[in-house]
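Step one of this worksheet: look at the structure below.
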Amino acid sequence: KRVFPHALIIGARKAGTSALQDFLTLHPDIMAPSSEPAWFFTDSKYTRGLGYYRTLLPSVKDGQISIEKSAEYFHSPQVPERVRSFNSSMKLLLIVRDPYVRMVSDYMFMKRYPYASKCIEKKFTFEEIAYDETTGQVNTVYGGLKRSIYYIWFKEWLRFFPRKQILVVDGDEFAKKNPGIELTVVEKFLGVQPVLTEEQFFF
Ligand SMILES: Nc1ncnc2c1ncn2[C@@H]1O[C@H](COP(=O)(O)OS(=O)(=O)O)[C@@H](OP(=O)(O)O)[C@H]1O
C-alpha cells in the first residue's frame, strides 16, 4: 500500500540529498519514490491535493516506512507551514555542505540545466554573478548564494518544527568518511533497525 512519508529529506539542494536518499533506500525497511522527487509541498503540485501526493509515493509492506526527498523544500518559504499542517510529527532530514562548494555546484547545475534557458547562470560566469565588481563584495541577492546561507531558511523551519525533529547531516563528513557513521545516526533518528552500519561498507 502507498503510505505518506514518515520523513522528508528537505535539502539543501546540491548538498548530497540524492546520495543520502540512495544510501537510505539500501535499508530493507525504507522506501522512497524511484524516479524524480515528488516536490509536492512546493507551489507547482500542492494544489493538486493529498490524493495526488499519494500517487507519487512508493508502495510499502508492513513494517516499512517511506521517505521523500525534495531538495527544494528547504529553500521554499511556503513549505514548512504546509508540512506542519500535513503532519506536525514529520521527521526532517537536512544535509548541508560547505556553503561555497554548494553554491558552485548550484551554479554549474543551472548553467547546464536545459529547462531554464533564461536563467542568469547561462549568461554570466560564476565570478560575474557571485561578486559585485564595484564594491568587491559578494553578491548577496544572487539566489545561488542565498541558498547557501543556511540560517535564513533554517530559522523558518524552526518557526514550525521543534529542533529535535530536524536532523542535520554534515554532508562534507558524509562524503569523506565511511557513510555508515552518519547513516547509523539517521537510522536511529528514523526509528528503524540499525542495518547500514560501518561494517556494511567497503571504504
Ligand atoms: N556522498 C556523496 N556521494 C555522492 N555525491 C555527493 C556526496 N556528497 C555530496 N555529493 C555531491 O552532491 C551534489 C549533488 O547534490 P544533490 O544530490 O543534493 O543534488 S540535487 O539538489 O538533488 O540536484 C554533487 O555535487 P557536485 O558534483 O559538486 O555538483 C555531488 O557530487
Side-chain angles (χ1 to χ4, degrees), residues 5 7-27 30-45 56-58 66-80 83 91-117 119-122 125-127 129-130 142-150 152-154 156-157 166-187 189-190 195-203:
L8 300 176
I9 301 175
I10 57 173
R13 163 171 153 170
K14 311 314 291 180
T17 56
S18 312
L20 182 59
Q21 170 166 290
D22 289 349
F23 278 122
L24 284 175
T25 51
L26 295 173
H27 193 294
I30 302 178
M31 303 294 286
S34 54
S35 55
E36 285 298 298
W39 289 36
F40 173 73
F41 292 101
T42 57
D43 283 340
S44 57
K45 292 184 176 170
L56 304 173
L57 299 166
S66 93
I67 61 169
E68 186 234 318
K69 154 196 128 77
S70 293
E72 293 298 319
Y73 286 165
F74 181 57
H75 312 100
S76 304
Q78 69 280 31
V79 171
V83 174
K91 295 187 177 184
L92 305 168
L93 288 166
L94 171 67
I95 181 163
V96 291
R97 184 185 188 191
D98 178 296
Y100 179 77
V101 178
R102 196 219 64 80
M103 180 181 158
V104 174
S105 173
D106 201 323
Y107 171 85
M108 292 307 296
F109 174 77
M110 292 308 292
K111 188 105 188 154
R112 295 188 292 240
Y113 188 55
Y115 305 110
S117 53
C119 72
I120 186 172
E121 289 85 355
K122 297 272 193 308
T125 65
F126 178 79
E127 287 75 14
I129 298 176
Y142 171 46
L145 187 143
K146 275 172 83 174
R147 283 190 285 278
S148 275
I149 306 176
Y150 300 127
I152 298 178
W153 317 100
F154 197 69
E156 281 305 300
W157 285 89
I166 310 174
L167 182 71
V168 182
V169 177
D170 181 333
D172 297 306
E173 293 295 309
F174 188 56
K176 240 181 2 211
K177 292 189 181 158
N178 183 319
I181 299 170
E182 285 294 335
L183 291 170
T184 300
V185 178
V186 178
E187 287 175 324
F189 176 72
L190 296 178
V195 172
L196 306 171
T197 53
E198 282 181 67
E199 305 76 56
Q200 299 298 325
F201 295 91
F202 292 96
F203 187 75

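Start at 1 and go down the list; that is how both ligands and their atoms are numbered.
- Near ligand 1, residues A12, R13, K14, A15, G16, T17, S18, A19, K69, A71, R97, S105, A175 each place a heavy atom inside the 4.0 Å sphere around the ligand atoms.
- Using cut-offs of 30° and 60° on the angle between ring planes, the pair W157 and F74 is parallel.
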For a side-chain contact (heavy atoms from CB on, under 4.5 Å) check, start with the C-alpha distance between V186 and L93, then their side-chain angles and the critical distance, and finish with the verdict. CA-CA 8 Å; V186 178; L93 288 166; 3.8 Å; yes
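- Qualifying salt bridge (charged side-chain N to carboxylate O under 4.0 Å, His left out) partners for E72, counting only residues two or more places apart in sequence or in other chains: R13.
- Counting heavy atoms of neighbouring residues, nucleotides and ligands inside a 6.0 Å radius, atom NZ of K146 does not exceed 12 of them.
- Residues F109 and Y113 bring their aromatic ring centres within 6.0 Å.
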Worked check of side-chain contact (heavy atoms from CB on, under 4.5 Å) between F201 and K177: CA-CA 11 Å; F201 295 91; K177 292 189 181 158; over 6 Å; no
